[in-house]
Amino acid sequence: MTGEKTIASILESRGAFLKGQPGCEETARRHEPLLKVIEHNYPLFEPLRDQLMTRQGVVPEMVSDHEALMELLDHLRAQEIVRLSEEGRLVAADAAARRFLSGGWLEELAWLAAMAAGADEAIYSQVLGWRVGEFYGENEIDLIVRKAERLGFVSCKALQSEFNAESKKHRARLMDALHEADNLCDHFGREGERVGILVTTDLIDEVRDQPRYMALMGKAAVLDVRIIPLEELEWNSLVSAIGEIVHGRDDG
């Protein structure tokens, strides 16, 4: 429609601009069956991914009696994410495949969820340039969504699924992701717009019915950053959670 706002035009009005090519929508659509298998089996996919990205790879015969692993591998081979090496082992096919395995898949899944949640437009794996006076910079943004003239931002972090309370590195990465997301909203967002973090870590202790990382969740609540943990990676839950970012706040 003539005159309809786009993500690009809205950002330009805020002193920012899209740089380079975003993730390919056709690729995300093509990967959809694989992405849904991954989100349904992430704790199983995690060690498999790590092994596929080593030189040793995966010996097909070693997992042939594991139905869920074989389903994952079949989908990965069908999408040419993995290949059979000269030694007869399954390994990441190339650099693009390694990027997909290490976290690109999560950005594609988030994009699909945003579109399913009713976004008018969404782009993933995008670099955003900005200018403020004489200053210039750029930010990588995993997902930008638009509903009418309202934007939303999601940072995707494919981290270890088990929360390690003793690991300063793991806690620091989660807290850094929170601040990174908050900065995005401060810099590019407007009132009523929301920002979230999609992270593949189990952050809810269901037995105690409380967060595993209380400081993270508390700070996220104060900053109004929606954390979407592993517990909400299941498709319907993910669409609902991403939908909160897409539709923003009614009082905006």
Side-chain angles (χ1 to χ4, degrees), residues 23-24 26-113 124-125 140 142-143 154-164 167 169-174 176-177 180 196-204 212-213 227-235 237-238 241-242:
C24 177
E26 291 182 3
T27 299
R29 293 289 189 197
R30 187 177 73 249
H31 287 166
E32 184 169 357
L34 167 60
L35 297 170
K36 289 186 175 179
V37 171
I38 293 175
E39 59 85 1
H40 190 66
N41 297 278
Y42 182 73
L44 191 64
F45 168 74
E46 185 178 29
L48 177 67
R49 168 205 64 198
D50 294 344
Q51 191 64 27
L52 287 168
M53 292 178 67
T54 65
R55 289 186 177 183
Q56 291 76 24
V58 173
V59 179
E61 291 76 15
M62 296 293 289
V63 296
S64 60
D65 60 346
H66 196 303
E67 185 175 347
L69 276 177
M70 288 305 298
E71 181 184 11
L72 272 167
L73 285 169
D74 286 345
H75 278 279
L76 288 165
R77 294 186 73 175
Q79 296 289 350
E80 299 182 338
I81 303 297
V82 300
R83 62 174 176 82
L84 201 63
S85 70
E86 293 180 358
E87 294 78 20
R89 297 168 181 263
L90 292 169
V91 296
D94 51 28
R98 294 177 70 85
R99 186 192 182 287
F100 174 89
L101 289 169
S102 62
W105 67 271
L106 191 60
E107 297 175 16
E108 292 183 13
L109 182 67
W111 181 85
L112 288 170
Y124 71 95
S125 189
E140 293 183 7
D142 297 326
L143 179 70
V154 180
S155 178
C156 302
K157 302 295 181 184
L159 303 180
Q160 65 188 58
S161 58
E162 183 178 351
F163 175 65
N164 185 350
S167 171
K169 182 178 179 180
H170 193 197
R171 287 188 285 114
R173 290 189 71 183
L174 287 165
D176 287 347
E180 176 185 308
I197 306 170
L198 172 57
V199 60
T200 57
T201 298
D202 180 352
L203 291 175
I204 306 298
R212 298 184 188 277
Y213 191 180
I227 295 183
I228 308 170
L230 181 64
E231 289 83 355
E232 294 181 90
L233 190 63
E234 183 274 329
W235 178 248
S237 297
L238 181 61
I242 295 281

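Side chains included, hydrogens not; waters and symmetry mates left out as well; all remaining heavy atoms used.
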Give a yes or no answer on whether the side chain of Y124 reaches the backbone of C24 with a donor-acceptor pair at less than 3.5 Å. yes
Within a reach of under 6.0 Å around CZ of R212, are more than 12 heavy atoms found that belong to other residues, nucleotides or ligands? yes
Main chain of D142, side chain of S125: is a donor-acceptor contact present, judged purely on distance under 3.5 Å? no
Kindly check if the number of other-residue, nucleotide or ligand heavy atoms within 6.0 Å of CD (E162) is above 12? no
Taking all non-hydrogen atoms of both residues, which atom of L84 and which atom of P60 are closest, and how far apart? CD1-CG, 4.2 Å
Applying side chain to side chain contact (heavy atoms under 4.5 Å, CB included) between I81 and each of R49, H31, H75, report the one that passes. H31
Rounded to the nearest 0.5 Å, what separates atom CG in L52 from atom CG in L76? 6.5 Å
Non-hydrogen atoms of Y213 and L174 that approach each other most closely: CD1-CD1, 4.0 Å
Mind checking whether L230 and L203 have side chains closer than 4.5 Å, heavy atoms only? no
As an exercise, state the distance from CG of L106 to NZ of K157, rounded to the nearest 0.5 Å. 10.5 Å
Between the CH2 atom in W105 and the CD atom in E39, the distance rounded to the nearest 0.5 Å is 8.5 Å
N164 and R171: which non-hydrogen atoms are nearest, and at how many Å? O-CG, 4.3 Å
For C156 and A110, the nearest pair of non-hydrogen atoms, with its separation, is SG-CB, 3.9 Å
I'd like to know whether NE2 of H40 has more than 12 heavy-atom contacts from other residues, nucleotides or ligands below 6.0 angstrom. no
Distance col, row H66:NE2 vs L73:CG, nearest 0.5 angstrom, shows 10.5 Å
How about M70: does its CE atom have over 12 heavy atoms from other parts shown lying under 6.0 Å from it? yes
Could you check whether atom CD of E234 has more than 12 heavy atoms from other residues, nucleotides or ligands sitting under 6.0 Å from it? yes
Okay, side chain of E232, backbone of L238: is any donor-acceptor separation there less than 3.5 Å? no
Flag the pair E107 and R99 as a salt bridge only when some basic side-chain nitrogen lies within less than 4.0 angstrom of an acidic carboxylate oxygen. yes
Which heavy atom of S161 sits nearest to which heavy atom of E46, and what is that distance? OG-OE1, 2.5 Å
Just by distance, do the side chain of T201 and the backbone of Q160 share a donor-acceptor pair under 3.5 Å? yes
Backbone of Q56 reached by a side-chain donor or acceptor of Q51 within 3.5 Å: no
Decide yes or no for F45 and V37: does some side-chain heavy atom of the first lie under 4.5 Å from some side-chain heavy atom of the second? no
CD of E67 to CG of D74, rounded to nearest 0.5 Å, is 10.5 Å
Nearest 0.5 Å please: distance from the CZ atom of R29 over to the CD atom of E26. 10.5 Å
Test side chain to side chain contact (heavy atoms under 4.5 Å, CB included) on I38 and L109; report intermediate values, then the result. CA-CA 9 Å; I38 293 175; L109 182 67; over 6 Å; no
Determine whether a donor-acceptor pair (N or O, by modelled atom type, separation under 3.5 Å) exists between the side chain of S85 and the backbone of E87. yes
Are any of the side-chain heavy atoms of L35 and F100 separated by less than 4.5 Å? yes
Minimum heavy-atom distance E108-A28, with the two atoms named: OE1-CA, 3.8 Å
Step by step, work out the side chain to side chain contact (heavy atoms under 4.5 Å, CB included) result for R55 and V91. CA-CA 7 Å; R55 289 186 177 183; V91 296; over 6 Å; no
